[in-house]
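Along the sequence shown, residues carry numbers from 1.
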Amino acid sequence: MRRARAALALTAAALLSTVAACGSLQDAATDIGGVRMSDDRPVRDGGTLTVALASDPDKLDPTVAQTLVGRTIFAAMCEKLYDVDRKGELTPQLATALPEISDGGRTVSFPVRRDAEFSDGTRLNAKAVVTSLLRHRDLAGSARATELAPLKSARATGPYEVELKLKQPYEPLTAVLADRAGMVMSPAALKKYGKNFGGNPSCVGPFRYKERVGGNRIVLTKDSHYYDARQVHLDEVVYKPIPDGNVRLANLRSGDLQIGDQMTPVEVRNSAEDDDLQLFNSPSLGYQGLGLNIGNVRGLGAKPGRIDTAIARDVRVREAFELSLDRAVLNEVVFQGMYEPACGPVSPQSAVAPGPDPADCPGRDVPKAKRLLAAAGVKAPVPVELKVSTTPESGRVGQVIQAMAKEAGFAVSLRPTEYATMLEETDAGNYQAYLSGWSGRLDPDGNIASFLKSRAAMNTYGIADPRMDDLVERGRTELDKDKRARIYDDLVKRARDQHALIYLYRQKNYVVAGKDVAGIDVYGDGLVRVKNAGYVR
């Protein structure tokens, strides 16, 4: 193990040179301060805030959207029935109270705001909520379908009262309604634009959609219809996709940007001593890893089929691939030790069912990997094409994986792909392997069901395991906390045994902003909230 790690360090020397100027790995891991999620300094009214995103979002339609950068824009434009506060607790947003549960967990009711309007002037009411919930559940291609699969029916029991009937008790429901499945869209806009709603989105929020120039910018303006408009200080927010973190940092220093989202450890270290910049950070509930196509031949939601590659056919080959990887070295080389190794979908900080501690993640074992390839009757080198996004950080991750896997008998070729295009291609099953990540949810089900359940809404891997499906359903319906935690322990172990989604590391949410900006919130869900943001008085 020690010899393999030393060899890998030499192989990755070129990558280390890109981060060495930022200080030693140990310094990088310890010099950045503790968690800082908010800045509550008073701000003045007016002005435009420009936010740099790590990639261009997919469709601005909550029903089909999948990206974290898209969720950041939705946070300013599309409020949800419930939200997450800075303590990581669920709180009402468009609903006015937490749900009331009856009928053994099969009936859920809640009231909604009486003072809210959509950006097109349409009134929010219970019928609008029902329309959105059923669209999220039923629209072809919905990324929310798995989350809302237990929903049997939804109806307005009064102008501002909603009742949901469930097929079975569904413990994650409130957490689900605190994300895109809980976003309520204008029924008038849905009727007018249909599947093109993402080009003309209308929700309840502090800002309203103005324009989108693909690959360049998305512009939102203050919404005069918003029920809490007096607390909104900015006139306009502009989101610009800038994949290169160095470019984001240069623009922050020049003043062309005011906020840089998803800043990498390299840029965080570079900005740490800049008196004109400030750092926000929070732990992440999500994960980053590597997805392998083991059965996605017809696209999302279709029945899995046979893929005639060694890594898809034989779990021993996939296990060998995972054993070729050293999570700790990956974290050190690419992220300066500022992230955490991960080997499961659930964060160790989960209050429901804490995931594996980073110290318990499997280590690298090249000799065992080679034995597994031999037992599978596979001759090295085993070819694997790995899709990576076009960001420098993603490229560095791919290069380290490439160097590690080579020593175990894999020939990894990297295919840089623009992020939105990569989502389309992996959804369609047009890939062998890709860097796969998720920003995370409070309830473990939100990190598991849509990815690991057979034919689920984001199961790009073609996983189909009846035992895992059963565990997913049991985890959703079990109300006893201890029993539920044990179910998720079993489910995580079962998922890891598939070696189809190889969990590698867990990010921290790093956001860099100018010091003349305040009112920003960065919580554990990874979103930059700008409702109360503005320029310091």
Side-chain angles (χ1 to χ4, degrees), residues 1-12 15 287-295 307 309-335 339-346 355-388 396-414 431-437 452 461-463 465 468 491-506:
M1 178 72 71
R2 188 175 300 163
R3 186 176 300 166
R5 182 170 292 189
L8 177 61
L10 289 172
T11 305
L15 290 171
Y287 59 80
Q288 300 294 316
L290 193 151
L292 301 172
N293 190 353
I294 67 171
I307 296 177
T309 62
I311 206 162
R313 286 194 308 264
D314 199 315
V315 69
R316 292 171 294 183
V317 179
R318 299 197 294 275
E319 183 180 1
F321 191 74
E322 180 166 0
L323 286 171
S324 76
L325 307 179
D326 190 318
R327 293 170 171 85
V329 168
L330 179 68
N331 185 34
E332 290 168 1
V333 170
V334 181
F335 307 115
Y339 290 161
E340 285 185 341
C343 47
V346 183
D357 187 276
D360 296 331
C361 289
R364 187 175 193 237
D365 194 335
V366 171
K368 183 177 179 181
K370 291 180 176 179
R371 291 195 300 271
L372 284 167
L373 289 183
V378 175
K379 292 183 179 180
V382 180
V384 179
E385 183 185 77
L386 174 62
K387 290 182 187 288
V388 300
R396 290 195 291 269
V397 171
Q399 290 171 48
V400 172
I401 290 173
Q402 186 180 53
M404 290 174 172
K406 182 178 181 180
E407 295 179 11
F410 292 90
V412 177
S413 58
L414 303 181
Y431 80 100
Q432 257 193 302
Y434 78 110
L435 294 185
S436 174
L452 303 180
Y461 324 103
I463 295 171
D465 182 344
M468 199 144 58
L491 212 164
V492 169
K493 292 173 185 174
R494 185 84 177 180
R496 285 167 58 178
D497 287 344
Q498 292 269 351
H499 303 284
L501 176 48
I502 300 172
Y503 306 96
L504 293 176
Y505 62 94
R506 188 160 279 111

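A heavy-atom distance below 4.5 Å is not found between the side chains of Leu325 and Leu330. Under the 4.5 Å side-chain criterion, counting only non-hydrogen atoms from C-beta, Tyr503 is not in contact with Pro356. Looking at Leu386 and Leu290, their side chains come closer than 4.5 Å, going by heavy atoms from C-beta outward. Side-chain contact check for Lys368 versus Glu319: some heavy-atom pair is nearer than 4.5 Å. Contact of the Leu491 side chain with the Met468 side chain is registered, since non-hydrogen atoms from C-beta on lie closer than 4.5 Å.
In terms of modelled atom types and a separation under 3.5 Å, the side chain of Arg506 and the main chain of Gly344 share a donor-acceptor contact. Judged by distance alone, with hydrogens and angles left aside, the side-chain atoms of Gln432 form a donor-acceptor pair with the main-chain N or O of Glu385 at under 3.5 Å. Remark: side-chain polar atoms of Arg327 are not paired, donor with acceptor, to backbone N or O of Tyr505 under 3.5 angstrom. Checking side-chain atoms of Asp365 against main-chain N and O of Leu323 turns up no donor-acceptor pair under 3.5 Å. Side chain of Arg364 to backbone of Met404: a donor-acceptor contact under 3.5 angstrom is found.
Closest of all the heavy-atom pairs between Glu340 and Pro358 is OE1-CG, 4.0 Å. Closest of all the heavy-atom pairs between Ile307 and Ile294 is CD1-C, 4.0 Å. Counting all heavy atoms, side chain and backbone alike, Gly291 lies closest to Ser436 at N-CB, 3.9 Å. The minimum heavy-atom distance between Pro381 and Ala411, with the atom names listed, is CB-CB, 3.8 Å. Between Val329 and Asp326, the shortest heavy-atom distance links the atoms N-OD1, 3.1 Å. Of all heavy-atom pairs between Gly398 and Val388, the closest is CA-CG1, 4.2 Å.
For the atom pair CG of Leu414 and CD of Gln399, the computed distance is 6.5 Å after rounding to the nearest 0.5 Å. Within the model, atoms CG of Leu373 and CZ of Phe321 stand 11.0 Å from one another, a figure rounded to the nearest 0.5 Å. In this structure, CD in Gln498 is found 5.0 Å from CG in Asp465, a value given to the nearest 0.5 Å. Taking CG of Leu435 as the reference point, atom CD1 of Ile502 lies at 11.0 Å (rounded to 0.5 Å). Atom-to-atom distance recorded for Arg316:CZ and Leu372:CG is 8.0 Å, nearest 0.5 angstrom. Going from atom CG of Leu501 over to atom CZ of Arg318 covers 11.5 Å, rounded to the nearest 0.5 Å.
Residues satisfying the side chain to side chain contact (heavy atoms under 4.5 Å, CB included) test with Lys387, not counting sequence neighbours, are Arg415, Thr417, Met422, Glu425, Thr426, Tyr431, Tyr434. Every residue two or more places apart in sequence or in another chain was checked for a side chain to side chain donor-acceptor pair (under 3.5 Å) with Asn293, and none qualifies.
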